[in-house]
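For reference, the structure is listed below as structure tokens.
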Protein chains: 2
Amino acid sequence: MAKRQVTIVDIAKKLNISASTVSRALKNHPDISKETIERVKECAAKMNYIPNEMALNLRMKRTNVIGVIVPEIVHYFFSSIVQGIEEVASEEGFNVMLFRSEESYEKELKITDSLISARVAGVLASLSKETDIYDHYQRILDNDIQLVFYDRICIGIITDRVVVDDYAGALTAVEYLISTGCKRIAFYSSPTHLEISKNRRNGYLDALRKHKLPVDQELMFVCDTREAAMELTPKVLAMDNPPDAFFAINDHTATGILYAVKQTGLRVPEDISICGFSGGDLALACDPMLTTVEQHGYEVGKTAAKLLIDKINGVTLGQFTNRIIKTKLMVRGTTKAAP
Amino acid sequence: MAKRQVTIVDIAKKLNISASTVSRALKNHPDISKETIERVKECAAKMNYIPNEMALNLRMKRTNVIGVIVPEIVHYFFSSIVQGIEEVASEEGFNVMLFRSEESYEKELKITDSLISARVAGVLASLSKETDIYDHYQRILDNDIQLVFYDRICIGIITDRVVVDDYAGALTAVEYLISTGCKRIAFYSSPTHLEISKNRRNGYLDALRKHKLPVDQELMFVCDTREAAMELTPKVLAMDNPPDAFFAINDHTATGILYAVKQTGLRVPEDISICGFSGGDLALACDPMLTTVEQHGYEVGKTAAKLLIDKINGVTLGQFTNRIIKTKLMVRGTTKAAP
DNA sequence: TTGTAAGCGTTATCAC
DNA sequence: GTGATAACGCTTACAA
């Protein structure tokens, strides 16, 4: 207890040499004799010396910390992303500082201040649903901190970006539904101002147009939770001209639809097809198992972290990359077989 | 770009006063005149001054960083815990540094070194499945870093601990199964050396004994993934004297059981009852919805973070608390109604 | 009421 | 080869 942490000076004293020699020996500086290096390293090990990163960072005017802003933590897609980030970061010798914005702009503001205060080397951020002012992100850049957006990107700020191919994912999914004979496909989406809503909606619309199916505004809803879907779906099924398929913005919503459809006595997929968007274990727990668009959050995280670390290391100064992570349609039991 | 971050000295120069005055003014030191305080604060705001935490921490010999070691990130229980931790930490002005041990002892060793190197104020840790040597945690304490274990605790080291009431959770769940008429209850568990396996097994056994049901070693299996459960369960159901209920160590395993049982044509819960352990959305996606023991990971995280921060702030020096978070049986569709 | 100077642990730059 | 010194940005005795 109360044992002061051992410093380079403690080692120096014990060995009757100077602190700078110890410092150099520890880093295998060519000027230092093999013998001294040996002695210093042995002594350091014996004394359980662990370098003080704070001092080092202050001296070097840099950090090995990456700040990550995530809207939600308990969330398959985002936690996959964090896992990808953590993996790359730890491989490259960086530590990850995690912040949750709770989908709140206010919280985001506080977080960016903490991030600058902590003098992190770089930031990986996904916008909260509320955010439509971006000054705080500009301030990050103004403070010489590298920045990469992932998933919910910010168009107003010039940085690297990593996004999921929402458009293609939606297009492929809806085309698949059409190929299995579905003709009236409902679309449950998140609030329409979000990029993911827009992009997936465009994919949905283009799929319909491409296959000469009519676009019916009455089949497009804002509904993106399980609870909302359980409430809305019976009403939709009771329409005069009800849909024969549902395309949902996420798997939670899709499970709500599935539940409601089965409640009404309709069969899935014979009467009604359902396709979600997310991936993960939730889709496997359903009965039948849910057809869904896998988003590869892990890849998003890894890619974003790599781009950021390249920036930090100065490898890609002045370049701004847009990386798009491909989605994959996982065909399972809530859709019919393609002919 | 390349704009150096503004320091206390920059403000001092601009105002023709000394750095120490600026420092004091920023902290509302009583000695400083209202007027100076005003001027300094105004100037600081104008120049977008943000204090350098690294320098501050070095000077004060402390940090506002909490290190968190988590075996897995993409995992309902653990991500709930992280969320609880993040929430308390950000309320109390601490930042969270997240590390994933990947259930590996080697990785855990590296992480503890990074943690000491980063001079975090405290560590929240849950052991990896592999870990059975604890020297690296002792080193954390030896370096004057506070430590609290959560969930997968370490008995050999004296610290605060937060655990889930595995024993009571299992006891309650199995008693409920018995109350609905189940007589032969199979138990699918994780490797037996883990504390959670032991505790839940004891709950399971005591429930059987309490209700004078025979204990059958043939009904106890090591099986803790969905895939393993899908493979094992048909064999178990084909036994001469098959079980009429399954109690699984987690919900993933339970969903595998559910799938396999339905495949064989047996009805859930009429023929076979199933109960999981975890909580979260997975249980709701099942059909019927899964009866499960909710673990309240969010509470675990909040409690652990509070204990740690109290330790860091010196409020509870020398005390060692064991906190037990209650579980809750969520009765749903995979079990029969109690009479 | 404010300024001076030392020091937190480290490394880079000069000396010797 | 190795040592002294300054500096990174900040706080705090101690002076003034």
* Asked: Could you give the CG-to-C1' distance, from A:L58 to C:dC8, as a whole number of Å?
  -> 9 Å

* To do: Kindly indicate whether the side chain of A:Y105, heavy atoms from C-beta on, has any atom under 4.5 Å from the side chain of A:D132.
  => no

* Is a side-chain donor or acceptor of B:N313 paired with a backbone partner of B:V315 at a separation under 3.5 angstrom? -> no

* Asked: Which whole-number value in Å describes the distance from B:R119 CZ to C:dG9 C1'?
  -> 9 Å

* Please work out if A:N52 contacts a base, only the sugar-phosphate, or nothing of the nucleic acid, heavy-atom cut-off 4.0 Å. => sugar-phosphate

* With DNA chain C as reference, determine whether A:H29 or A:P51 sits nearer its 5' end, using the nearest nucleotide of each. => A:P51

* Asked: Quick one: A:Y49 OH to C:dG9 C1', roughly how many Å, whole number?
  -> 8 Å

* Should A:V163 and A:I325 count as side-chain neighbours, where that means a heavy-atom distance under 4.5 Å? -> no

Pairs under 3.5 Å (N/O, protein and nucleotides 12-16 of chain D):
| from | atom 1 | to | atom 2 | distance (Å) |
| --- | --- | --- | --- | --- |
| D:dA13 | N6 | B:R24 | NH1 | 3.2 |

* **Distance, rounded to the nearest Å, where B:I17 contributes CD1 and C:dG3 contributes C1'** => 10 Å

* For atom CD of B:E38, decide whether the heavy atoms of other residues, nucleotides or ligands shown that lie under 6.0 angstrom number more than 12. => no

* Rounded distance (Å) that lies between atom C1' of C:dG9 and atom CD of A:E53 -> 13 Å

* To the nearest 0.5 Å, tell me how far B:D31 CG sits from B:I37 CD1. => 9.5 Å

* Structure fact -> Checking D:dC10, D:dT2, C:dT10 against the side chain of B:I8 (C-beta onward), the nearest is D:dC10

* Evaluate whether atom CZ of B:R323 has more than 12 neighbouring non-hydrogen atoms of other residues, nucleotides or ligands under 6.0 angstrom away. => no

* Asked: Could you give the CD1-to-P distance, from A:I11 to C:dG9, as a whole number of Å?
  -> 13 Å

* Kindly indicate whether the side chain of A:N57, heavy atoms from C-beta on, has any atom under 4.5 Å from the side chain of A:N64. => yes

* Euclidean distance, atom NZ of residue A:K61 to atom P of D:dA6 [Å, nearest integer] -> 19 Å

* **Side-chain N,O (B:T7) to OP1/OP2 (D:dG9) below 4.0 Å** => no

* **Interatomic distance, B:M54 CE vs C:dT10 P [rounded to whole Å]** => 14 Å

